[in-house]
Amino acid sequence: MEKRWVSMYVENQIGVLAKITGLFSGKNYNLDSISVGETEDKTVSRITMGLTCDNLTYEQILKQLNRSVEVIKVLDFTNMPIHKKELMFIKVNLDSETEKNEIFRLAQTFKFDVIDYNGKTAVIQAINNDKENEQLIQLFENYFKNEIEVVRSGSIAIEKI
Amino acid sequence: MKINGAELLVKALKKEGVDIVFGYPGGQAIDIFEALYDEKSIEVILPRHEQALVHAADGYARSTGKVGVCIATSGPGATNLVTGIATANADSVPLVCITGQVPLGIMGNDAFQEVDIVGITRNICKYAVTVRRREDLGRIIKEAFYIARTGRPGPVLIDFPKDIQIAIGNDIYPNEVSIRGYKPNRDVHIGQVKKAIAELNKAKRPIFLLGGGVNIANANEEVQKLIELTGVPVVTTMMGKGAIPSNHKLYLGNLGIHGSYAANHAISESDLLFSIGTRFNDRITGKIEEFAPKAKIIHVDIDPASISKNIKVDIPIVADAKIAIEKITEYAKKLDIEPWVKTVMEWKKEYPITLAHYSGLTPDKIIQYINENYKKPIVTTDVGQNQLWTTQFIELQGNKQLLTSGGLGTMGYGFPAAIGAQIGNPKSRVFAISGDGGVQMNIQELATAVSLELPITLIIFNNEYLGNVRQWQEMLFKKRYSSTHLKYRRSIKEENANIPYTPDFVKLAESYFAYGKRITKEEEIPEAFKFADEHKNAPTVLEFIIDSKINVSPMVPIGNALNDMIMQC
């Protein structure tokens, strides 16, 4: 079982996302993250998918995606030089002065910004690769005693020049 | 010229060469039927249930090689198509299914007879699309026919909202199609062919495995030439039966969990498995880890996703079967494999598939009568023991003769498929072979066959049981016949009580103004078929009373390797 990254060009039409995700659920494939957005061509969307599977299943997934009429092109990003980033928000209630000071100090050391703050609650924004964001979540869980609220966009990726 | 959407559909059907459509009207399809009403070049067939409608279109498509066209209304009309679409999808049958839909403006509001049929069928068809703009209609229909019949064929669904059907627009139907996400490859990669040939020439125990893809690609003559040139023995899947004539001297029969001893053992012992147009379904592989354990595997298929899906393949060749076989034949030569051929032929002679351990009226004798008395008939089957016996014993000369739901295993398929086959092949003798269970799933189609004056012979093997499940219960579930006895009466507990079977199939046939005959003895077989032959303008039901204890043999119990078979069940 290995982590893989797939980038796809698909028709920008109603139901295409359902077709792709339906393929994964119907064929019992595991999907870690998926993010979709329009491209420079309004008729085309680009999907970035993260998945974890063995080699045989991965070969099947690529073939199944390729044979879908709605899928224009499939790129295997797993071992390609790419830029890959994920946007993450974390909201956390800060109970003590120590916690309030901590969050601004952490922001100077780790890669995130405090984008909203009212003296009791803070929202941070982090644009990292998915592993770094995982580590940030760990960090917040260790530093703050209140439960944190996490929203992640799923990664998007583009080939390096 | 300005015409409405329904009229453009009719124009498109004509341009695609469609002369038969299978249709069932309804509120949201009424404009389509209105447009079809004056079109003399297209005959609309009205089955009595939408499920039978798709199976009929499927039988028409399989037996003619043309695209089958279905038209149904929205909601329940559309959902009744679902089983038939999934059946066609599993067996790579080209269909274009058009469903009426509520107007775009109220879609999603749970309108009367509204259902999200595109959402429902997304995973069971090749492509499904809703027409959302009148100006896209021509292109969408053109693409649907193209997608259905090219590459690995399959069903395509067009959801056609009422307001688009009546919207006035241009009458342009495009001649060309270009779909950026769909470019099926047909041509063969010569490098792969040479690799395959190198392995074939080295092999001491090679075997050809032919699937339904050979029949779909019409590669029958080509494959026979290749087999005779190399002298390599050949087995088929259920869907591949007929790929070469059943009486060919190098043919060992079907493989699989009810395959022949020779076919299964040849696969298990082979050192080179040359497979064409199959997807290694679990019904042919047995225990997957022990499938063809000594063999290098070459696999020709038009669908890349069918390669290395179930079985890891050593040399994949993605191409149309016919084109690939022609190219392979160019490079192939006679192989020096005499001891191997001798071995497999001894197996074939020593262990034929037989029901000789049963006496009296047995299914093999009925099928044998067809083999001996009819030239190139079309035979459809239902699903269960009737299907297994038919595919074991029927002798075929070529493709498009045997129509069976091999992939999905849909009960109720056989009789409506025979209706489609007879419509597409008016001169052919068509037999539908069914069980007493499956035939009741679409028995209402007797009305269709009578109204169209089709001389189909519907053969029912009546053994009072859902026989295939009964066989499993007998062999694997301690004879606990849970929900399989069709003669059950709630108040009668003793076994072998004299209960009449329901329905009386002969009376049922007669009530539809079809002909019916019940056959209980082996000697009555010839006269029964002669009785059916007399009726040139109406269907005949022949109900053969079969002992419920007759099982399908041989059998590979689930979980066993292919060569680990029970020879007499």
Side-chain angles (χ1 to χ4, degrees), chain A residues 1-2 4 6-31 34 36-49 51 53-76 78, chain B residues 86 89 92 104 107-108 116-133 136 139-140 143-144 146-148 150-159 161 177-185 279-280 288 301-313 316 318:
Chain A
M1 299 287 268
E2 272 173 60
R4 332 268 175 166
V6 176
S7 179
M8 288 189 287
Y9 296 84
V10 302
E11 297 289 346
N12 182 14
Q13 285 166 2
I14 295 170
V16 174
L17 187 59
K19 168 87 190 187
I20 307 288
T21 52
L23 191 70
F24 275 73
S25 58
K27 294 200 174 278
N28 220 5
Y29 305 145
N30 193 17
L31 184 57
I34 183 164
V36 196
E38 238 173 49
T39 63
E40 68 284 359
D41 176 349
K42 296 285 178 226
T43 67
V44 177
S45 294
R46 188 91 177 247
I47 296 181
T48 308
M49 277 190 323
L51 37 125
C53 58
D54 59 38
N55 289 335
L56 218 63
T57 310
Y58 189 49
E59 193 184 324
Q60 232 344 268
I61 291 173
L62 294 179
K63 286 174 175 176
Q64 291 290 346
L65 291 170
N66 263 310
R67 83 205 279 262
S68 301
V69 175
E70 299 87 342
V71 174
I72 300 163
K73 195 169 163 191
V74 181
L75 301 169
D76 179 4
T78 310
Chain B
N89 194 48
S92 313
L104 280 170
M107 261 177 88
D116 173 16
I117 193 62
V118 167
I120 289 169
T121 55
R122 196 171 273 131
N123 282 354
I124 53 157
C125 67
K126 197 169 170 187
Y127 182 60
V129 62
T130 303
V131 187
R132 290 174 195 279
R133 301 187 314 172
D136 293 339
R139 175 182 58 79
I140 285 173
E143 289 177 353
Y146 178 72
I147 292 168
T150 54
R152 178 182 167 185
V156 174
L157 183 130
I158 303 173
D159 201 25
V177 52
S178 167
I179 309 165
R180 52 190 171 181
Y182 180 74
K183 303 253 185 280
N185 174 56
R279 53 198 177 87
F280 296 103
I288 203 132
D301 208 289
I302 196 153
D303 176 18
S306 288
I307 291 174
S308 289
K309 179 165 64 180
N310 299 322
I311 295 286
K312 184 79 190 133
V313 167
V318 177

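Letters A, B, ... are given to chains in the order of the sequence lines, protein chains preceding strands, and every chain is numbered from 1.
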Minimal non-hydrogen separation, E59(A) against S308(B), with atom names: OE2-CB, 3.9 Å

Polar contact flag, side-chain donor to acceptor under 3.5 angstrom, T43(A)-R180(B): yes

Beyond-backbone contact of E143(B) with V69(A), side-chain heavy atoms, under 4.5 angstrom: no

Min side-chain heavy-atom separation R152(B)-R67(A) under 4.5 Å: yes

Engaged part of L62(A) at the chain B interface, taking heavy atoms whose separation is under 4.5 Å: neither

Closest contact, heavy atoms only, L23(A) versus N123(B): N-OD1, 4.1 Å

Where K63(A) and I307(B) come nearest, the two heavy atoms and their spacing: NZ-O, 2.6 Å

Closest non-hydrogen atom pair, A305(B) against Q64(A): CB-NE2, 3.7 Å

Residues, nucleotides or ligands: over 12 heavy atoms within 6.0 Å of I288(B) CD1: yes

Enclosure of D54(A) CG (heavy-atom neighbours >12, cutoff 6.0 Å): yes

From E70(A) atom CD to I179(B) atom CD1, the distance as rounded to the nearest 0.5 Å: 10.5 Å

NZ-CD1 distance between K183(B) and I72(A), expressed to the nearest 0.5 angstrom: 10.0 Å

Structural part of S68(A) lying under 4.5 Å from a heavy atom of chain B: backbone

Where K126(B) and K19(A) come nearest, the two heavy atoms and their spacing: O-NZ, 4.1 Å

